[in-house]
Visitor: 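The structure under discussion is supplied below as structure tokens; questions concerning it will follow.
Just so it is clear, the structure is predicted and the values come from calculations on it, not from any experiment. Side chains are part of it too, since the values below use all heavy atoms of this structure and drop only hydrogens, waters and symmetry mates.
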Amino acid sequence: MSDVSTTLHPLPHTLPACPNARLALFAIRRMGAHGLADARAAHALFSAFGEAFQRPLVLLRALMADLAGTAADTIAIAPCCCARMTAAERALLTIVARVETGSEVARLLLADLLAMRRVDGVLASAAAVAASFADEGRPICV
């Protein structure tokens, strides 16, 4: 049985336990609020990935641009300081985490998030982000 106060809350989900997912969420929030060239998002990825930060940074920027250009409606993103996540943020992290192992689940979640049927381009961007994190030993899990 679900608690009504939890399901109606604008930030219904707790932050993920996975530090890699929290890092991706931070960068998504910063880029969503302050633009793709946000220095704090870049610094967070540089701090985490070291010299290999450019690939995840560029691919996250591409994903954010694809989401913004494709979505039929706004995607709710909470401020960076929030200790909880919106349903859209949770869906986005789930998509990135499952795009390789559960591509149909990821496709359906992305179609719901974007309110569109054809999401192949954005799904490819999400897969590239997931691969860039995993290739550097920081797989995103939720």
Side-chain angles (χ1 to χ4, degrees), residues 2 4-142:
S2 68
V4 174
S5 64
T6 302
T7 57
L8 296 177
H9 194 277
L11 300 172
H13 303 284
T14 59
L15 290 178
C18 173
N20 305 324
R22 286 195 309 270
L23 173 63
L25 178 63
F26 176 80
I28 288 167
R29 285 177 171 180
R30 290 296 306 186
M31 288 181 203
H34 303 285
L36 299 179
D38 182 71
R40 289 188 179 161
H43 182 265
L45 291 171
F46 176 74
S47 296
F49 288 98
E51 291 181 9
F53 81 101
Q54 288 180 333
R55 181 176 171 221
L57 176 62
V58 169
L59 292 173
L60 263 174
R61 286 176 174 165
L63 175 61
M64 293 298 290
D66 283 348
L67 289 168
T70 308
D73 200 5
T74 58
I75 298 173
I77 296 176
C80 291
C81 61
C82 288
R84 299 186 63 81
M85 290 189 296
T86 67
E89 290 171 332
R90 175 68 175 190
L92 185 54
L93 288 178
T94 302
I95 291 162
V96 173
R98 295 194 181 155
V99 69
E100 294 294 326
T101 59
S103 60
E104 272 310 304
V105 171
R107 180 182 307 282
L108 291 172
L109 280 172
L110 188 56
D112 284 347
L113 180 65
L114 299 177
M116 310 190 69
R117 285 185 160 188
R118 300 194 186 276
V119 295
D120 292 336
V122 182
L123 194 62
S125 293
V129 168
S132 72
F133 272 67
D135 289 350
E136 294 300 324
R138 295 183 162 277
I140 296 172
C141 51
V142 288

Visitor: Shortest non-hydrogen contact from Leu11 to Cys82?
Guide: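 Closest heavy-atom pair between Leu11 and Cys82: CD1-SG, 3.9 Å.
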Visitor: Looking only at non-hydrogen atoms, find the nearest pair between Pro16 and Leu93 and report the distance.
Guide: CG-CD1, 4.0 Å
Visitor: For the atom pair CG (Leu45) and CG (Leu60), what is the distance rounded to the nearest 0.5 Å?
Guide: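 With rounding to 0.5 Å, CG (Leu45) is 6.0 Å from CG (Leu60).
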Visitor: Could you give all pairs that pass the ring-ring contact (aromatic ring centres under 6.0 Å, His included) test and reach residues 60-99, with sequence neighbours left out?
Guide: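 Applying ring-ring contact (aromatic ring centres under 6.0 Å, His included) to every pair that reaches into residues 60-99, excluding sequence neighbours, yields nothing.
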Visitor: Provide the closest heavy-atom pair for Leu57 versus Met31 in the form atom of the first, atom of the second, distance.
Guide: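 Between these two residues, the closest heavy atoms are CD1-CE, 3.7 Å.
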Visitor: Does anything in residues 60-71 pair up under salt bridge (Lys or Arg N to Asp or Glu O under 4.0 Å), and if so which pairs, sequence neighbours excluded?
Guide: none
Visitor: Does anything in residues 120-136 pair up under salt bridge (Lys or Arg N to Asp or Glu O under 4.0 Å), and if so which pairs, sequence neighbours excluded?
Guide: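 Listed once each, the pairs are Arg55-Asp135, Arg107-Asp120.
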Visitor: Grab the two heavy atoms, one from Ala126 and one from Ile95, that are nearest each other, plus how far apart they are.
Guide: CB-CG2, 4.1 Å
Visitor: Can you name the side chain to side chain contact (heavy atoms under 4.5 Å, CB included) partners of Ala97, sequence neighbours left out?
Guide: Ile140, Val142
Visitor: Restricting to pairs with a member in residues 65-110, which pass ring-ring contact (aromatic ring centres under 6.0 Å, His included), not counting sequence neighbours?
Guide: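 Output for this query is empty, none listed.
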Visitor: Please report the interatomic distance CG(Leu67) to CD1(Ile77), rounded to the nearest 0.5 Å.
Guide: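 The CD1 atom of Ile77 is 8.0 Å from CG of Leu67, to the nearest 0.5 Å.
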Visitor: Can you list everything that forms a side-chain hydrogen bond (donor to acceptor under 3.5 Å, both in side chains) with Arg29? Sequence neighbours excluded, please.
Guide: Glu89
Visitor: Under the side-chain hydrogen bond (donor to acceptor under 3.5 Å, both in side chains) definition, can you give me all pairs with a residue in residues 12-21, not counting sequence neighbours?
Guide: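 Residue pairs passing side-chain hydrogen bond (donor to acceptor under 3.5 Å, both in side chains), neighbours aside: Asn20-Arg138.
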Visitor: List the atom pairs, donor and acceptor, that lie under 3.5 Å between side-chain atoms in residues 110-118 and the rest of the protein, sequence neighbours left out.
Guide:
none

Visitor: For His34, check side chain to side chain contact (heavy atoms under 4.5 Å, CB included) against everything at least two apart and list the hits.
Guide: Arg30, Asp38
Visitor: Got a sec, which residues hit ring-ring contact (aromatic ring centres under 6.0 Å, His included) with Phe53, two or more places apart in sequence or on another chain?
Guide: Phe46
Visitor: If the condition is side chain to side chain contact (heavy atoms under 4.5 Å, CB included), which residues does Ala44 pass it with, not counting sequence neighbours?
Guide: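 Once residues adjacent in sequence are excluded, the partners of Ala44 under the side chain to side chain contact (heavy atoms under 4.5 Å, CB included) criterion are Leu23, Phe26.
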Visitor: Please report the closest heavy-atom contact between Pro56 and Ser132, naming both atoms and the distance.
Guide: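 What the structure gives for the nearest pair is CA-OG, 3.5 Å.
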Visitor: Within this structure, what is the CD1-CG distance for the pair Ile28 and Leu92, rounded to the nearest 0.5 Å?
Guide: 4.5 Å
Visitor: For a quick test of reading the model, state the closest non-hydrogen atom pair linking Leu123 to Ser103 and the distance between them.
Guide: CD2-O, 4.5 Å
Visitor: Return the set of residues passing side chain to side chain contact (heavy atoms under 4.5 Å, CB included) with Val105 (not counting sequence neighbours), or none when no residue passes.
Guide: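 In terms of side chain to side chain contact (heavy atoms under 4.5 Å, CB included), with neighbours along the sequence ignored, Val105 is linked to Arg98, Leu109.
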